[in-house]
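Keep in mind that this is a model prediction, so the values were computed, not measured. When a ligand or atom number is given, it counts from 1 through the structure's own listing order. Throughout, residue positions are numbered sequentially from 1 according to the sequence presented.
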Amino acid sequence: MTDDEAAAVRNDVPEAGVPVNRYASAPAWRAVDEYFSAALVDEDDALVAARESGARTTMPNAEVAANQGALLGLLAQISGARRVLEFGTLAGYSTVWFARAVGDGGRVVTFELDEQNAAVARENLARAGVADRVDVVVGAAATSVQTLIDDGTEPFDLVFIDADKPSNPIYLAAALELTGPGAVIVIDNVVRDGAVVDEHSEDPRVQGVRAVVDAIAASPELDATALQTVGEKGWDGLIIARRR
Ligand code: DHB
Ligand code: MG
């Protein structure tokens, strides 16, 4: 597919009520996601509502897929995370997965730039019954996270970086200030339809991914891998890192 053809697929008129996908997604990829999510992912009404309310945010359809949300929840549970820090709330879909994973007495702090998105997220967190264990912090994440660092906030066990991509290296550096040994760091959207391999890309989001890959590679503190994924969200991927 040429770039123009790929763009045409991305901008295709969606089915009624379905937001335009952010990346081209083959019907077969979507069918497999639907199959696994229907079989294995236990979304209740609150999670469905949170996912669908992404359409009311400034970035419709940017939330993780149901099977990816379940992966995030499982990573939090497998690592025994009690405190999760999230960069990029949107409607709070992944936030609900984390909040449920950390359980009663756990804590999630999530950063959102846009007040309207934060309002949608707060509705979703209340509906999911986890509002009391989540702080939605509105503002530029780089500023909000510096406040946490300056306040000497208790370390987090898992950090999910899923906000503006050019700032990925800043968010990783902050995550290293706010975590200890054994902490898990997950970064979303690191493949971007394959664009990540273009070292000359003029897209600052691609350069933000490449810079954070370089920072992880150079860090003696981190073991990491990256996986490309296909599915209803198109061709994208995740970095998963663990602090030594
Ligand atoms: C984009 C951002 C996301 O967090 C995502 O999951 C998909 C796409 C974007 O910047 O286009
Ligand atoms: Mg994302």
message: Heavy-atom distances under 4.0 Å decide this one: backbone, side chain, both or neither, for Asp236 against ligand 1?
response: neither
field: Metal site the Mg ion (ligand 2): N/O/S of Glu63 inside 2.8 Å
entry: no
message: Would you say the Mg ion (ligand 2) has Asp162 as a near neighbour, meaning an N/O/S atom of that residue under 2.8 Å away?
response: yes
message: Geometry only, no angles: is Arg192 polar-contacting ligand 1 at N/O separations under 3.5 Å?
response: yes
Can you tell me if [X] uses its side chain to pair, donor with acceptor, with the backbone of [Y] under 3.5 Å?
X: Asn124; Y: Gly92; result: no
X: Gln207; Y: Glu199; result: yes
X: Asn117; Y: Thr58; result: yes

task: May I ask which of Lys165, Gln68, Lys233, Glu63 has a heavy atom nearer to atom 2 (C) of ligand 1 than the others do?
output: Lys165
statement: Atoms of ligand 1 under 4.0 Å from any heavy atom of Met59, numbered from 1 in the order shown, are 1 (C), 2 (C), 9 (C), 10 (O)
field: Contacting atoms of ligand 1, where contact means under 4.0 angstrom from a heavy atom of Asp188
entry: 6 (O)
query: So, Ser94 and Glu86: side-chain donor and acceptor under 3.5 Å apart, yes or no?
result: yes
query: If we ignore angles and hydrogens, is there a donor and acceptor under 3.5 Å between the side chains of Glu43 and Tyr93?
result: yes
statement: Answer key: the N, O or S atom of Asp188 nearest to the Mg ion (ligand 2) is OD2
field: Shortest protein contact, atom 3 (C) of ligand 1 (heavy atom only)
entry: Asn189 OD1, 2.9 Å
message: Apply salt bridge (Lys or Arg N to Asp or Glu O under 4.0 Å) to residues Arg100 and Asp42 and explain how you reach the verdict.
response: CA-CA 12 Å; Arg100 288 181 168 171; Asp42 204 10; over 6 Å; no
query: Leu176 and Ile185: side chain to side chain contact (heavy atoms under 4.5 Å, CB included), yes or no, with the steps?
result: CA-CA 9 Å; Leu176 290 172; Ile185 299 173; 4.2 Å; yes
